[in-house]
Amino acid sequence: MKGCPLLSDARRVICLSLTAIGLGLVFGCAGQLKTEPVAKSSSSTSALAIDQKAVEGALGVRVKFHSGDYYTLSSPRPDTGCAGDAKTFYPALDASPYPLSLMDPYTTVKPAFLKNVSVDLSDANHNISSNEAYNCSYGETNPNVPKASSCSVFDSASGIVYDYDAEAHVAVSGYGTDYYALTDAYCTRSGPIAISDPAVNKLLAGGVYFDIDRAQLGEKENLLLSVTHMPLGALQLNPDGSTIGAQGAASFKVHLIRTGLSASEVRLVFQPRYLTFANTDRYPMVVETLSILAPPTGQLRQDQIVIPLSLDPAIDRIRIERYSGSGVLIDATLYRMGPS
Amino acid sequence: MNGFARSPLTHRSLALIAALAASGCFSGTKTSTKSSSSKSTTSTATVSSATPGGAKAARIIFLQSSTNGSFDAPSAGTAPGLGSGHQAVRVFNADGTLLANGGPTASAWPKWLSRVEIGVSGAANTAATNSTCARFADVSESAAECSFSNQTLVSGGGSGQATPCGAPAGYFRVSEYDCSQAAPTDGKGNHEDGVYIRAVFDRSTSVLGANENILAVLEYAASGLEGGPTSPSSCFSGSTLAPEQCSDMTWKTFLNKTGTETAPQPFMLLVPPVFGYVNTASPANVGTGGGGVSTRQIFLPLAGDSDLKVFQLSRIKTNITNAGKFQTVCAPNGAPANSAYCVGMVFVSLTFYRL
């Protein structure tokens, strides 16, 4: 396998064994899902014009990480059957959302430079009747796939973790904010690194993807990302009231990635998507750790990060990755920094 | 990092093992996005890229001084309203030397910076009437005392130890305990606010290029009674984010077109976080205090919208009442407390860079 030679003998064995098992973390099978509706050419032209008019001259676009603005497990996107993709977008400096799109009936309009926004859902492969998006997940039958947990989810009053001894899910508490929460205490064995060390197997699970259409930006144009978040620290509490501690302090990183994927292709990726996109050979990080959202003091904060897209014309994804730790993401705004 | 022994690169290599993206049902065909047939435009797309001359940076120093500061002595409070604030009359270069004296009409004044004004509390300020709330610190404030251990001070018959918590003389500061004596109107980010800093840019392309953005660097101290909440749920009212609920005080920045917008959307949250806090949660511990000056860079993407021209930092509100430990800690000797380094803000400078 492409990635195996990079590793020591012990890990190469793991790699080859996974290959033999055929873990094959795959994209969603479009054939199993409804296809996106394709408008006829004349009506699509006028629909496109109307959509573009709605965002003409837009300074930027804002998304909230609130469950009501996303397709969820109980209400996935109708054409893909997948959860985690944003459906509501806002003007950068306006509290009211954009109108519904005529080109894409499943979202509001948004500036064309933003292809898609999505979040990892670590509970998407929970096999229960209320999970309408289960077929767009890696499922829970493959023993090499992490069990569903509330590591990175839209926070509610309750959640789940998997008891590997009892071989069953157990209920846990949530903060009840309805915003995207990353809870380190619930991430054991949820990450893409399948080794026994809990300090490692909880890493890299959770985060947000901003997929960018570079054709809609100036060749040398950069973006400004403004993120509102709460990086929780050692003194803050887990949902169950226990102290987060130093090991659970937030470490969230911003990366710039090259994917080459279209919006529709992204939306068909199984959840949790970090299992697929952990393949950095296929989805290389052009810029690793552009920024770290810090410090983890538990205070609400909003930070600006200049996104230097001009570094590489192939950069088409901004990733906020939960490396480790706990926090809540509130909203994010992408501003255009002017044509270049 | 957080106690992990392995390097992130090693972790990512391990993740590569697990993420075997087989072809599966992925078509492999990259279909273009249907709506990408024409590039979106901005209002600046066709404007000349020539950059006007003139000063590339301008610094406002929030000091009442005819030599080292941008402001002269104010009147007893400033009325709310655009242009009604206390005006900066001196502007400095980024290296601290004087750039212009005499206000925006001075010949050397950077033409792209129309004006800078601040909201000073007092009788004339109908949105902030307490004269000791937001003002330039007078000479007595450096001697203001707080009780960071949350104990009655020795002079008052207690066993607490006094800690200096007043702003240095002449600097523009906001003392929240004093504000609480006659609570200012909650800030909105527009012309109605009483406690604010407001800068207006001239967007004429003859003075500020259409492709130019502004980097604002604010130098300030922000102090609180406590740090972050123990639970993030404290910051929400139902499903609505309410930073005012989980912070001793809240300041927000706004980037507006006219400055008179009814309910402008905040551009960026300035406070929280605070840089320092007293921390009264553990009475047995001596509070660490609320001082410390730092900077915040705020990028203003003006090139994305030629109509944006008003940058405003507004005090929104405070979340604590003027009693209990707020009083014991920040006003052990009563009002006026002048304790901006307990719960409050001290502004040092605001520098604008043309990028």
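Each chain gets a letter, A, B and so on, in the order its sequence line appears, and its residues count up from 1. All values reported here derive from a predicted model rather than from experimental measurement. Just so it is clear, the values below take in all heavy atoms, side chains as well, and ignore hydrogens, waters and symmetry mates.
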Please classify the contact of [X] with chain B as side chain, backbone, both or neither, using a heavy-atom distance under 4.5 Å.
{"X": "Leu300(A)", "value": "both"}
{"X": "Leu224(A)", "value": "side chain"}
{"X": "Thr177(A)", "value": "both"}
{"X": "Asp178(A)", "value": "side chain"}
{"X": "Ala92(A)", "value": "backbone"}
{"X": "Ile244(A)", "value": "neither"}

What I'd like to find out is whether the side chain of [X] reaches to under 4.5 Å of the side chain of [Y], using heavy atoms alone.
{"X": "Asp211(A)", "Y": "Leu261(A)", "answer": "no"}
{"X": "Leu203(A)", "Y": "Tyr323(A)", "answer": "yes"}
{"X": "Tyr90(A)", "Y": "Asp331(A)", "answer": "no"}

### Task
Calculate, to the nearest 0.5 Å, the distance between atoms NE2 and CG belonging to His229(A) and Leu269(B) respectively.
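Answer for the NE2-CG pair, His229(A) versus Leu269(B), is 10.0 Å.
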So which part of [X] gets closer than 4.5 Å to some heavy atom of chain A, the side chain, the backbone, both or neither?
{"X": "Ser247(B)", "result": "neither"}
{"X": "Ile298(B)", "result": "both"}
{"X": "Phe267(B)", "result": "both"}
{"X": "Val274(B)", "result": "both"}
{"X": "Gln297(B)", "result": "backbone"}

#### Entry: Choice from Pro273(B), Cys235(B), Ala263(B), Ser231(B) maximising heavy atom contacts with chain A below 4.5 Å
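If we count pairs closer than 4.5 Å to chain A, Pro273(B) comes out on top.
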### Task
Sort out for me which of Pro264(B), Ser233(B), Gly228(B), Pro232(B) touches chain A most, counting heavy-atom pairs under 4.5 Å.
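So the answer, after comparing Pro264(B), Ser233(B), Gly228(B), Pro232(B), is Pro232(B).
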### Query
Do Phe352(B) and Phe201(B) have their ring centres less than 6.0 Å from each other?
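Yes, the ring of Phe352(B) comes within the 6.0 Å limit of the ring of Phe201(B), centre to centre.
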### Task
Apply ring-ring contact (aromatic ring centres under 6.0 Å, His included) to Tyr175(A) and Phe236(B), showing your working.
CA-CA 10 Å; Tyr175(A) 292 117; Phe236(B) 296 88; 9.4 Å; no
### Task
List the steps, then state whether salt bridge (Lys or Arg N to Asp or Glu O under 4.0 Å) holds for Lys252(B) with Glu244(B).
CA-CA 10 Å; Lys252(B) 297 179 181 178; Glu244(B) 297 83 354; 3.2 Å; yes
#### Entry: Thr258(B) backbone acceptor or donor facing Asn256(B) side chain under 3.5 Å
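Here the side-chain-to-backbone pair does not exist.
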### Message
Distance alone, cut at 3.5 Å: any donor-acceptor contact between the side chains of Ser204(B) and Ser206(B)?
### Response
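There is no such pair (donor and acceptor under 3.5 Å, judged by atom type) between the side chains of Ser204(B) and Ser206(B).
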